[in-house]
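I'd like to ask some things about the structure below.
These numbers come from a predicted model, not from an experiment. Just follow the structure's listing: the first ligand is 1, and inside any ligand the first atom is 1.
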Amino acid sequence: MRWPLRLTSHSPGATRDAAARLASLCASGDIVLLIGDLGAGKTVFAQGFAAALGVEGPVTSPTFALVRHYACGTGRPVATLIHADVYRTGSVGEVVELALAEMVEDGAIALVEWGDRAAPALGDSALEVTLTVHPTPGSIDERTITLSGRGTWAVRAGDVARALGLASRTMSS
Ligand code: ADP
Ligand code: MG
């Protein structure tokens, strides 16, 4: 099984469900980069991911706060979920100042919206989740979700495909 993996989501609920399945594979120290235009569904993805880790209360866009910390439910493999949105940062240096890498080193899982901009500040290992909108009449809720892993995630395409219930014939190379 090779990266990238692709699936189609037809609703916000389906995107949340895919995110929840991915969360079940993540552990302390993981970084998930969320990539896609405004309105693509990055925050919706974060909501499903957080819910699967037992985060209580609303998960909203951290655009103005830049970084939010959530306590995960008891008995989860990780205590803290970091949800960042680097849309308003102007440089890689500003992203470095958010200290996301340090929080992850201390054992959090980080979800980073506009993660492609943050990637140079976050080391070699990450799962990249790209959400793409298809402005086709009649399918305004359709999103393509493309996943790619590097560093420690490079060898995990098979795990991710299984967790998402992707049959090998639906894989694209
Ligand atoms: P972003 O964080 O990428 O800017 P949001 O997650 O805040 O985007 O918003 C995505 C919007 O698109 C929400 O209003 C959501 O209800 C809508 N939407 C429609 N279809 C989907 C889908 N398949 N997956 C995710 N969001 C969807
Ligand atoms: Mg958002």
Revision key, fill the gap. Applied to residues 33-52, the side-chain hydrogen bond (donor to acceptor under 3.5 Å, both in side chains) test, sequence neighbours excluded, yields Arg16-Gln47, Thr43-Glu113
Check your understanding: What is the nearest protein non-hydrogen atom to atom 19 (C) of ligand 1, stated with its residue, atom name and distance?
Key -> Asp141 OD1, 3.3 Å
Review point. Where the side chain of Arg6 meets the backbone of Thr146, is there a donor-acceptor pair that is under 3.5 Å apart?
Key: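 Absent.
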Review point. Are any side-chain N or O atoms of Arg88 and backbone N or O atoms of Asp85, one a donor and one an acceptor, separated by less than 3.5 Å?
Key: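 No, the answer is negative, given that no donor and acceptor are paired below the 3.5 Å cut-off.
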Review point. Of the backbone atoms (N, CA, C, O) and the side-chain heavy atoms from C-beta on, which set of Glu113 has a member under 4.0 Å from an atom of ligand 1: side chain, backbone, both, or neither?
Key: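 Side chain only; the backbone of Glu113 stays clear of ligand 1.
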Check your understanding: Thr132 and Thr144: side chain to side chain donor-acceptor pair (under 3.5 Å), yes or no, with the steps?
Key -> CA-CA 5 Å; Thr132 314; Thr144 299; 5.6 Å; no
**Study point:** side-chain contact (heavy atoms from CB on, under 4.5 Å) evaluation trace for Arg117 with Val95
**Key:** CA-CA 9 Å; Arg117 301 182 184 187; Val95 177; 5.7 Å; no
**Study point:** Verify same cluster id: Leu81, Ile31 (apolar side-chain graph, 4.5 Å)
**Key:**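 No, no single cluster joins them.
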Check your understanding: Relative to ligand 1, is Thr43 under 4.0 angstrom through side chain, backbone, both or neither, heavy atoms considered?
Key ->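 Both backbone and side chain.
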Check your understanding: Taking non-hydrogen atoms only, is Ser11 closer than 4.0 angstrom to ligand 1 via side chain, backbone, both or neither?
Key -> backbone
**Study point:** Glu142-ligand 1 polar pair, N/O distance under 3.5 Å
**Key:** no
**Study point:** side chain to side chain donor-acceptor pair (under 3.5 Å) evaluation trace for His134 with Ser139
**Key:** CA-CA 8 Å; His134 302 282; Ser139 67; over 6 Å; no
Review point. Which residue supplies the protein heavy atom nearest to atom 25 (C) of ligand 1, what is that atom called, and how far is it?
Key: Thr15 OG1, 3.5 Å
Point to revise | Subset of ligand 1 atoms that lie under 4.0 Å from at least one heavy atom of Leu38 | key: 4 (O)
Check your understanding: Within less than 4.0 angstrom of ligand 1, does Ala14 place any heavy atom?
Key ->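 Judged by the 4.0 Å heavy-atom criterion, Ala14 does not count as contacting ligand 1.
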Study note, to complete from the structure: of all protein heavy atoms, closest to atom 6 (O) of ligand 1 is Val44 N, 2.9 Å
Check your understanding: Would you call Gly36 a ligand 1 contact, heavy-atom distance under 4.0 Å?
Key ->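 Outside the 4.0 Å threshold, so no.
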Revision key, fill the gap. Ligand 1 atoms nearer than 4.0 angstrom to some heavy atom of Asp37 are 3 (O)
Exercise for review: For atom 16 (O) of ligand 1, grab the closest protein heavy atom and report residue, atom and distance to one decimal in Å.
Suggested key: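 Ranking protein heavy atoms by distance from atom 16 (O) of ligand 1, first comes Pro12 CG, 3.5 Å.
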Practice item. Can you spot which of Val104, Leu34, Val86 makes a side-chain contact (heavy atoms from CB on, under 4.5 Å) with Val112? Key: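 The option that passes is Val86.
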Exercise for review: Using a 4.5 Å cut-off on heavy atoms from C-beta on, say whether the side chain of Leu122 contacts that of Leu100.
Suggested key: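 SC-SC contact between Leu100 and Leu122 confirmed.
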**Study point:** atom 14 (O) of ligand 1 touched by protein heavy atom at under 4.0 Å
**Key:**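 No, there is none.
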Review point. If you draw a sphere of radius 2.8 Å around the Mg ion (ligand 2), how many protein N/O/S atoms end up strictly inside it?
Key: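 Of the protein's nitrogen, oxygen and sulfur atoms, 2 lie under 2.8 Å from the Mg ion (ligand 2).
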Point to revise | Asp124 CG: over 12 foreign heavy atoms closer than 6.0 Å | key: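 Atom CG in Asp124 is not crowded, with 12 or fewer foreign heavy atoms closer than 6.0 Å.
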Exercise for review: Would you please test Glu97 and Thr89 for side-chain contact (heavy atoms from CB on, under 4.5 Å) and show each step?
Suggested key: CA-CA 10 Å; Glu97 282 170 22; Thr89 55; over 6 Å; no
Practice item. May I ask you to check if Arg150 and Trp153 form a cation-pi contact, with NZ or CZ under 6.0 angstrom from the six-membered ring centre and within 45° of the axis? Key: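 Output no; distance or angle outside limits.
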Check your understanding: Can you find an N or O of Gly41 that's nearer than 3.5 Å to an N or O of ligand 1?
Key ->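 For ligand 1, there is an N or O atom that lies under 3.5 Å from one belonging to Gly41.
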Revision key, fill the gap. Residue, atom and distance of the protein heavy atom nearest atom 10 (C) of ligand 1 read Gly39 O, 3.4 Å
Exercise for review: Around atom 12 (O) of ligand 1, find the nearest protein heavy atom and jot down its residue, atom name and distance.
Suggested key: Arg143 NH2, 3.0 Å
Review point. Val78, Met103: one ILVMFWY side-chain cluster at the under-4.5 Å cut-off?
Key: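 Result: no, two separate clusters.
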Check your understanding: Is there a chain of hydrophobic side chains (I, L, V, M, F, W, Y, each step under 4.5 Å between heavy atoms) that links Leu111 to Leu164?
Key -> yes
